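I have a structure I would like to understand better, so I am pasting it below and will then ask my questions one at a time.
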Amino acid sequence: MARPNKTLRRNLIALSLVAPFTLTFLLVFAWPTFKVIQLSLTDAPLIGDGTWVGLQNYRELLDDRIFWVALKNNGYFLVLTIVPTTVLALLIALAVNRLRGWMQPFILAIFFLPYILPVSVVTLVWQWMLDFQFGVLQPMIEAIFGKRTAVFRDPTWVMPVIALVTIWWTNGFNVLLFLAGLRNIPTELYEAAALDGATPRQRFWRVTWPLLWPVTALVLTLQLILQLKLFDQVYLLSQGGPFNTSQVLLLLVYNEAFQQNNGGYASAIAMVLFVIILVVSVMQFQLLRIGRHR
Amino acid sequence: MAMGVSLKNVKKSFGAVDVIHDVSIEIPKGDFAVFVGPSGCGKSTLLRMIAGLEETSGGRIEIDGKDVTDEEPADRGVAMVFQNYALYPHLTVYDNMAFSLRLAKAKKEEIREKVAEAARILQLTEHLAKRPAKLSGGQRQRVAIGRAIVRQPSVFLFDEPLSNLDAELRVQMRLELARLHRQIGATMIYVTHDQVEAMTLADDIFVLKDGWVQQAGSPLKLYDDPDNRFVGGFIGSPAMNFFAGEVSGGGGGRMEVRTEVGGKVFTAARRGEVSSGQKVTLGIRPEHLKLSEEGLRAKVDMVEQLGGVSYLHVKLEDGSNVVVERHGLREALEGQTVGLAADPDDILVFDQEGRRLR
Ligand SMILES: Nc1ncnc2c1ncn2[C@@H]1O[C@H](COP(=O)(O)OP(=O)(O)OP(=O)(O)O)[C@@H](O)[C@H]1O
Ligand SMILES: [Mg+2]
């Protein structure tokens, strides 16, 4: 008799506990998302309503050369960052993991430090280091490439350098994830492998690498999402220039919405980016999961 | 006799801490040797040195007559079974067992045969496709043993392999290990702090304490004829009873000792010299204590009745505990006062440093 009553009560309690979160979620995520979708189907300016234009914005997008340039640049940036930063973080974590005593937290702190800096400080630091006249890195560039270069105003240099800055800024967190993963692998497994006759190289590829794969998959996926949302660094370092060579989707959204006052069109670009992130990250995560089960 | 493993003046220190002091032992080929001792005495360290997982700070380690002190673990012809199994979680049972053979670039055919054979011996055939996470504790332990078997090492090393199993499974696996040893006849070194495992499995037991070998010998030798108080107390369950006392007389192969508590005189067989007034400790096993009217006064505190055997936990005047083993006890003795006595031949005498006086 008491049973259904009890279940009901339990459900009500659960509901009341998740309610604040659910309401907040609906208010600050679901509703704006819905509005953006709605907006992307109108010719609305930044503020105020527009008229319904159906898929007109999306059709226009297909013919917008800058949109394709930005999309391509986003892809280029992914290539420049995701795998390099993952490999780098893994190598650093492997090295740090070998350190003993006070050295380990000390070295780790050095690698992690950039991560806690705000992006504006990061970009300032690098702008200063790479300054055409006074930058401390310019002599090095000159020594290697024969001449000084204003990297943020050079079509070839701009994206790779932004990628470099981004990796320097965010890599510490990945190192931390890898380090946690490495610590989760029991030492006995390496000892068993040593007794089984595995060389250090084989120990890495047959024990460390497969056991670390879930962490690697996580790092790759987090990186993919993070780097697709590239905006701050470009906005602060190159404003998308020169000649749109560092133009990316989020910057385009910003320009269309806040500079050109095209709320509807900006919303359409935002929707495209949203769908890309969703599809690509889900796809990648599934792919990586399959990889784990061979 | 050909030696399977011999250690010559082996030492180990971690930094300034000496963990193994000058250990020299000989383990014949095909022997089942057990290292036993309390926690922290250096059993695992010694085993890991034989495996090559810890460097030796001094001395020589020989396996099958060959000096392996500076050899890599893989080149020593040893296989090790770890306490927590150390199975590769991402590989199936088959791949776990095939791991070393694949690294050694063995032929597919050969790998299949060896793994199948090990799986048959260990009754793992139907589990070959599973991953370790899907196995029970006992099955995992068998996979760990299988991984050792396929390598056909000349020495098997076990570090407390049964301590993660429940009591029933432990007894069962103990029997299986004994059977396995008979079947493949390789040298085995087994580390445990459980003296029952040591007694039941070993051809030779090495009792360790604080990095020293206290005594080596067959289980019964250690049980009947311990060299010191530590070995006497460590081997045997329930443990040997100790009574502090003082030599009060003797001669002619006898020695009389008056106990500190209760002041009763026990007579022990003794060949050597005795000096009156010397402080000694008597060691008497539970099964050697008899109940007798004239004996040392004690009060029965508790009786553990197992049917055939029963253990009387009696208390002396000063409250110290003594265990007496009785067979076929049927009376209720709790609360009664009894007297404890023993035959001279069943009483061991130790000096103040714990050394046996023979
Ligand atoms: N890597 C190490 N560094 C410093 N000291 C160590 C190290 N390994 C072991 N020790 C010390 O060496 C001593 C012996 O350790 P060991 O693991 O051999 O003991 P054990 O007899 O196997 O004990 P248990 O029954 O608890 O496993 C201990 O005092 C331990 O603290
Ligand atoms: Mg141990």
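Just so you know, these numbers come straight off a predicted model, no measurement behind them. These numbers come from the heavy atoms of this one structure, side chains and all, not from hydrogens, waters or symmetry mates. Lettering follows sequence order; numbering is per chain, from 1.
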Are any non-hydrogen side-chain atoms of A/Glu191 and B/Met80 less than 4.5 angstrom apart? no
Residue B/Val81 versus chain A: region with a heavy atom under 4.5 Å: neither
Identify which of B/Gly52, B/Ala74, B/Pro153 forms the greatest number of heavy-atom pairs closer than 4.5 Å to chain A. B/Ala74
Can you tell which part of B/Arg48 gets under 4.5 Å to a heavy atom of chain A, answering side chain, backbone, both or neither? side chain
Can you tell me how far CG of A/Leu211 sits from NE2 of B/His90, rounded to the nearest 0.5 angstrom? 5.0 Å
Taking everything shown except B/Gln183 itself, do over 12 heavy atoms lie less than 6.0 Å from its CD? yes
With the side chain counted from C-beta on, respond yes when A/Leu195 and B/Phe82 share a heavy-atom pair under 4.5 Å apart, and no when they do not. yes
Sort B/Asn84 into side chain, backbone, both or neither according to what part of it lies under 4.5 angstrom from a heavy atom of chain A. side chain
Checking B/Leu87 against chain A: side chain, backbone, both or neither under 4.5 Å from a heavy atom? backbone
Any idea which heavy atoms bring B/Ala86 and A/Ala192 closest together, and the distance? O-CB, 4.1 Å
Side chain proximity check, A/Arg206 to B/Phe99, heavy atoms < 4.5 angstrom: yes
How long is the straight-line distance from CG of A/Asp196 back to CZ of B/Arg102, given to the nearest 0.5 Å? 12.0 Å
Would you say A/Tyr115 has more than 12 foreign heavy atoms packed within less than 6.0 Å of its OH? no
Can you tell me how far the CG atom of B/Leu103 sits from the CZ atom of A/Arg203, to the nearest 0.5 Å? 10.0 Å
Assess whether atom CZ of A/Phe106 is packed by more than 12 heavy atoms of other residues, nucleotides or ligands within 6.0 Å. no
